[in-house]
Amino acid sequence: MLDIQLLRKDLSAAIAGLKRRGFDFDEAAFRSFEAERKRLQSRTEELQAKRNSLSKQVGILKGKGEDASAVLAEGAGLGEELKSNESALAANQENLNAFLRVIPNIPRPEVPEGASSDDNVEVRRWGTPRTFDFAVKDHVDVGAGIGLDFDTGAKLAGARFPVMKGGIARLHRALAQFMLATQTEEHGYTEVYVPYMVTGECADGVSSLAKFEDQLFKIEGRDLYLIPTAEYPVTNFVRDSIVEAKDLPLKFAAHSPCFRSEAGSHGKDTRGMIRNHQFDKVEIVQIVRPEDAAAAHEELTGHAEAILRKLELPYRVMLLCTGDTGFSSAKTYDIEVWLPGQNAYREISSCSNFEAFQARRMQARYRNEKGKIEPVNTINGSGLAVGRSLVAVLENYQNADGSVTVPKALVPYMGGATVIQAGSPSARG
RNA sequence: GGAAGGUUGGCCGAGUGGUUUAAGGCACCGGUCUUGAAAACCGGCAGAGGUGCAAGCCUCUCGUGAGUUCGAAUCUCACACCUUCCGCCA
């Protein structure tokens, strides 16, 4: 959430920043919360101080064996007034907190203003899309020949749950292994294995549970949600803690399944593996000092790009405009991979700098060199989405005979196979 | 599913109703000493909020939430989590 001190000191700047992303800050509501808070807080603290001092006097008198009834009489009625003030203050703080927790982050100044993905800005492009001398198939048709099976998935769990058999399943695993190995061995991330469910408190630490709960699968009867990304468990490693400056940055990479309800996306990307309820992803997360956040964000984005370069898949990097930037993010780059089957670039990674927004929500702090406690900054990105990477490989590496060439970088992870032959689901090539 | 024990500051740990203003230790920071370092000694050192130009002052927080009391880390109740043992089990 936003820094309450910032709102108190420079409210107009915060309002202007939020307006850039199309968020109307309810200034009147905030001012009224604050005025009420001040009144209740000073009265409550005054009463508490009085109670404490009277109780102390009683203690001293009783310790000496003297009569305390005069002091006790002085405090008559105090308890009731204190109680009503305390509960009013608690209610006020709860309301203020709920108000603050649904306010999105303020975009960084260099984030271009815009309403939708149409206003995103391309910042760079890598690779040249391949030209085909045969009719290009999309990944569903290519996959059908090597073990990609939506019918069985639908029988088991419904739409948006693919099943993979044989060569394509192996290719999928190879992609995940390759990504995790690259991030840990070449980019200095520590591999972590994490729970695939988190509590509501953790979910509200990275985003707003109140706003986005319908995007998550909830475990019935329990305060647990299936993770929509490993960002949820991994970023929460530092929740409610104070880390030492010397231990930063923390860099973690996790391979996990991701579960998304896709509420509201009915009819969108219904074909294939672009948008599923379950997909795998290698997530990279950095916990950094505030002064290092911007550079770390650029670095992390490069770590995601490195995967596509090694796979020799053409891509472009988009700087999301204010209207397309996620709730918690101050600045986001989307990496879009070229998909010949769609004749378009499609998102395969999203790399965000959350600055202190998530850290404040989850009380993740560090002790700086001067001994001062302040929130850490958090950054994360997909490095990469495995399912969509598989889509990209199938479409970019398809051959006229229905087989799929294995990208050079993946051959070691495929037991040396250089091609996946169409035909038998168990074909290894 | 059954039983027992536990949860105190960055970490360990004392504390069973009132000078607890949470002992002590570790870690950390500063200093003395030293060629430098270590050791030793001296001092500092929880977080959050409010208020103030500042020094400071005030409030809250001992797993969470209620309750008893003039007063709760301490007593009562509920819940969460952790540990150990038994049973079942991938």
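Keep in mind it's a predicted model, so treat the numbers as computed, not measured. Lettering of chains follows the sequences in order, A, B, ..., and the numbering in each one begins at 1.
- Taking the C1' atom of each, rG43(B) and rU64(B) are spaced 38 Å apart, rounded to whole Å.
- For the P atoms, the distance from rA23(B) to rG9(B) is 13 Å, rounded to whole Å.
- Computed from coordinates, the Asn85(A) CG to rU59(B) P distance equals 15 Å when rounded to whole Å.
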Taking N or O atoms only and anything under 3.5 Å, show me the protein contacts with nucleotides 61-67 of chain B, one pair per line.
none

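- With sequence neighbours excluded, the residues forming a side-chain hydrogen bond (donor to acceptor under 3.5 Å, both in side chains) with Arg31(A) are Glu27(A), listed by chain and number.
- Between Phe25(A) and Phe99(A), the angle of the ring planes goes over 60°, which puts this pair in the perpendicular group of the 30/60° scheme.
- When all heavy atoms of Ala385(A) and Ser389(A) are compared, the pair lying nearest together is O-OG, 2.6 Å.
- Look at the P atom in both rG56(B) and rA73(B): the space between them is 26 Å, to the nearest Å.
- In this structure Thr332(A) satisfies the side-chain hydrogen bond (donor to acceptor under 3.5 Å, both in side chains) test together with Ser329(A), Ser352(A), sequence neighbours excluded.
- Between the CZ atom of Arg360(A) and the C1' atom of rG49(B) there is a distance of 16 Å, given to the nearest Å.
- Under the 3.5 Å distance criterion, with hydrogens and angles disregarded, no donor-acceptor pair is assigned to the side chains of Tyr366(A) and Glu244(A).
- Taking atom P on both nucleotides, rC79(B) is separated from rA40(B) by 50 Å, rounded to a whole Å.
- Whole-Å rounding puts the Ile242(A) CD1 to rA27(B) C1' distance at 14 Å.
- The same atom, C1', is picked in rG1(B) and in rU16(B); the two are 34 Å apart, to the nearest Å.
- Going from atom CD of Gln48(A) over to atom P of rG49(B) covers 16 Å, rounded to whole Å.
- A search for side-chain contact (heavy atoms from CB on, under 4.5 Å) contacts involving Arg260(A) returns Pro228(A), Thr229(A), Glu262(A), Phe279(A), Lys281(A), not counting sequence neighbours.
- Across the P atoms, rG13(B) and rG25(B) are found 16 Å apart, a figure rounded to whole Å.
- At a threshold of 4.0 angstrom between heavy atoms, the contacts of Glu86(A) with the nucleic acid are absent.
- When distances run from any side-chain atom of Ile373(A) to the nucleotides rA48(B), rG18(B), rC58(B), the shortest one goes to rA48(B).
- Secondary-structure stems of RNA chain B, taken as three or more successive Watson-Crick or G-U wobble pairs (i with j, i+1 with j-1) under a 3.5 Å distance threshold, comprise B:1-7 with B:80-86, B:10-12 with B:24-26, B:28-32 with B:40-44, B:46-51 with B:56-61, B:63-67 with B:75-79.
- Between Gln57(A) atom CD and rG18(B) atom C1' the separation is 13 Å, expressed in whole Å.
- Taking atom C1' on both rA38(B) and rG47(B), the two are 33 Å apart, rounded to the nearest angstrom.
- Summarising the geometry, the separation between CG on Asp240(A) and C1' on rC81(B) is reported as 13 Å, rounded to the nearest angstrom.
- Along RNA chain B, the nucleotide nearest to Lys246(A) and the one nearest to Ser42(A) differ in position, and the one closer to the 5' end is contacted by Lys246(A).
- Annotation: side-chain hydrogen bond (donor to acceptor under 3.5 Å, both in side chains) contacts of Arg239(A) (sequence neighbours excluded): Glu201(A), Asn236(A).
- Checked against rC70(B), rU51(B), rU21(B), the side chain of Val58(A) finds its nearest nucleotide in rC70(B).
- Note on ring orientation: taking the six-membered ring where Trp is involved, the planes of His297(A) and Tyr333(A) are parallel (angle under 30°, cut-offs 30° and 60°).
- Between rC60(B) and Arg51(A), a contact under 4.0 Å exists linking OP1 or OP2 to a side-chain N or O.
- Between the CD atom of Gln93(A) and the C1' atom of rA48(B) there is a distance of 10 Å, given to the nearest Å.
- Across all strands, Arg37(A) comes closer than 4.0 Å only to sugar-phosphate atoms, never to a base (heavy-atom distances).
- The distance between atom CE of Met362(A) and atom P of rG47(B), rounded to the nearest whole Å, is 21 Å.
- Where Ala49(A) and Glu244(A) meet RNA chain B, the nucleotide closest to each residue was compared, and Glu244(A) sits on the side nearer the 5' end.
- Nearest to the side chain of Ser55(A), among rG71(B), rG47(B), rU51(B), sits rG71(B).
- Residue Asn52(A) places at least one side-chain N or O closer than 4.0 Å to OP1 or OP2 of rC60(B).
- Comparing rC70(B) with rC85(B), their P atoms sit 46 Å apart, to the nearest whole Å.
- For Phe357(A) and Phe327(A), the gap between ring centers is short of 6.0 Å.
- Side-chain atoms of Glu191(A) and Thr184(A) include no donor-acceptor pair closer than 3.5 Å.
- Using cut-offs of 30° and 60° on the angle between ring planes, the pair His277(A) and Phe161(A) is tilted.
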